[in-house]
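All remarks here apply to the structure that follows.
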Amino acid sequence: QVQLSESGGGQAPVGGSLRLSCTASGYSRSGKCLAWIRQAPGKEREGVAIIVTTNGAIEYGDSVKGRFTISRDESTNTVYLQMNNLKTDDTAMYYCAARTIICSREFLGTPASFKFWGQGTQVTVSS
């Protein structure tokens, strides 16, 4: 069973930065993908970034390309999301999610396909 725990959310000004962390326990033996997915009030869930841990492939959602960076520390099973040049549209609850069956970068587009989720961490960007 995979358990995910996020941290690092908070408030930031437009143009500021935040770094989210997600510790994944029980993931190393069977994990395939770790992703960051966000949901703003009244909006659908949106894939932000994904890392395929079996081959290191990475993909980003179009709205965050060039501003966000996903990375992983394999030794601690922690995945990070460095968010730079934040915009008000980045305000959302950010979730760490994992798949333990077949996975590829394309799964970023189907958030509902992720079986394991963290509790989420709120990111609020204000002008």
Side-chain angles (χ1 to χ4, degrees):
Q1 187 75 2
V2 177
Q3 292 183 321
L4 305 170
S5 179
E6 305 98 334
S7 61
Q11 293 187 338
V14 169
S17 298
L18 285 172
R19 189 193 196 202
L20 307 183
S21 301
C22 171
T23 301
S25 60
Y27 176 86
S28 59
R29 291 186 177 181
S30 59
K32 298 294 186 291
C33 279
L34 289 166
W36 288 98
I37 295 166
R38 68 187 182 186
Q39 187 166 25
K43 294 186 177 180
E44 295 184 352
R45 287 180 292 185
E46 176 189 10
V48 176
I50 189 171
I51 182 166
V52 183
T53 54
T54 51
N55 62 16
I58 287 173
E59 187 61 86
Y60 297 96
D62 288 341
S63 62
V64 306
K65 284 181 179 177
R67 301 187 297 120
F68 290 11
T69 303
I70 188 171
S71 61
R72 181 188 177 218
D73 183 337
E74 192 172 350
S75 66
T76 60
N77 256 337
T78 302
V79 63
Y80 301 96
L81 185 69
Q82 178 66 44
M83 305 185 295
N84 297 329
N85 191 20
L86 285 163
K87 303 177 180 181
T88 54
D89 286 348
D90 295 321
T91 295
M93 185 70 79
Y94 283 71
Y95 298 93
C96 180
R99 281 179 60 90
T100 58
I101 56 176
I102 186 170
C103 192
S104 65
R105 295 178 299 171
E106 289 70 28
F107 278 89
L108 183 64
T110 54
S113 68
F114 285 79
K115 180 178 179 180
F116 301 100
W117 292 78
Q119 79 285 356
T121 185
Q122 178 68 36
V123 170
T124 302
V125 183
S126 57
S127 57

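Note that the CG atom of Leu108 and the CD1 atom of Ile51 stand 12.5 Å from one another [nearest 0.5 Å]. Expressed to the nearest 0.5 Å, how far OG of Ser126 lies from CD of Gln11 amounts to 6.0 Å. To the nearest 0.5 Å, atom CG of residue Leu4 and atom OG1 of residue Thr78 are 11.0 Å apart. A distance of 7.5 Å separates CD in Glu46 from OH in Tyr94, rounded to the nearest 0.5 Å. The distance from the CZ atom of Phe107 to the CD atom of Glu59 is 13.5 Å, given to the nearest 0.5 Å. Rounding to the nearest 0.5 Å gives a distance of 12.5 Å between OG of Ser104 and NZ of Lys32.
In this structure, Lys65 places its NZ atom where more than 12 heavy-atom neighbours from other residues, nucleotides or ligands lie under 6.0 Å away. In this structure, Gln3 places its CD atom where only 12 or fewer heavy-atom neighbours from other residues, nucleotides or ligands lie under 6.0 Å away. At most 12 heavy atoms of other shown residues, nucleotides or ligands fall within 6.0 angstrom of atom CD in Glu74.
Within the structure, disulfide bond (SG atoms under 2.5 Å apart) contacts touching residues 55-127 (residues at least two apart or in different chains) are Cys22-Cys96, Cys33-Cys103.
When all heavy atoms are compared, the tightest approach of Leu34 to Ala24 is CD2-CB, 4.3 Å. Looking at every heavy atom in both residues, Leu81 comes nearest to Ala49 through CD1-CB, 4.1 Å. Counting all heavy atoms, side chain and backbone alike, Val125 lies closest to Thr91 at N-OG1, 2.9 Å. Across all non-hydrogen atoms, the minimal contact from Arg105 to Val52 is N-CG2, 3.7 Å. Arg38 and Phe68 make their closest contact through NH1-CE2, 4.1 Å (heavy atoms, listed as atom of the first residue, atom of the second, distance). The nearest pair of heavy atoms linking Ala98 to Val2 is CB-CG1, 4.3 Å.
Note on Ile50: it clusters hydrophobically with Trp117, by side-chain heavy-atom contacts below 4.5 Å among ILVMFWY residues. Residues Val64 and Met83 fall within the same hydrophobic cluster, defined by Ile, Leu, Val, Met, Phe, Trp and Tyr side chains chained together at heavy-atom separations under 4.5 Å.
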What donor-acceptor contacts under 3.5 angstrom involve side-chain atoms of residues 12-21, with partners at least two apart or in another chain?
residue: Ser17; atom: OG; partner: Asn84; partner atom: OD1; Å: 2.9

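Between the Tyr80 side chain and the Thr69 main chain, no donor and acceptor come within less than 3.5 Å of each other.
In this structure, Arg45 is not positioned above the aromatic face of Tyr95 in the sense of NZ or CZ being under 6.0 Å from the six-membered ring centre and within 45° of the axis.
Counting heavy atoms from C-beta outward, Asp90 and Arg67 have side chains that approach closer than 4.5 Å. For the pair Val79 and Ile70, the minimum side-chain heavy-atom distance is below 4.5 Å. With contacts defined as side-chain heavy-atom distances shorter than 4.5 Å, the pair Trp36/Glu6 qualifies.
Tyr27 pairs in a side chain to side chain donor-acceptor pair (under 3.5 Å) with only one of the listed residues (Thr53, Thr100, Asn77), which is Thr53.
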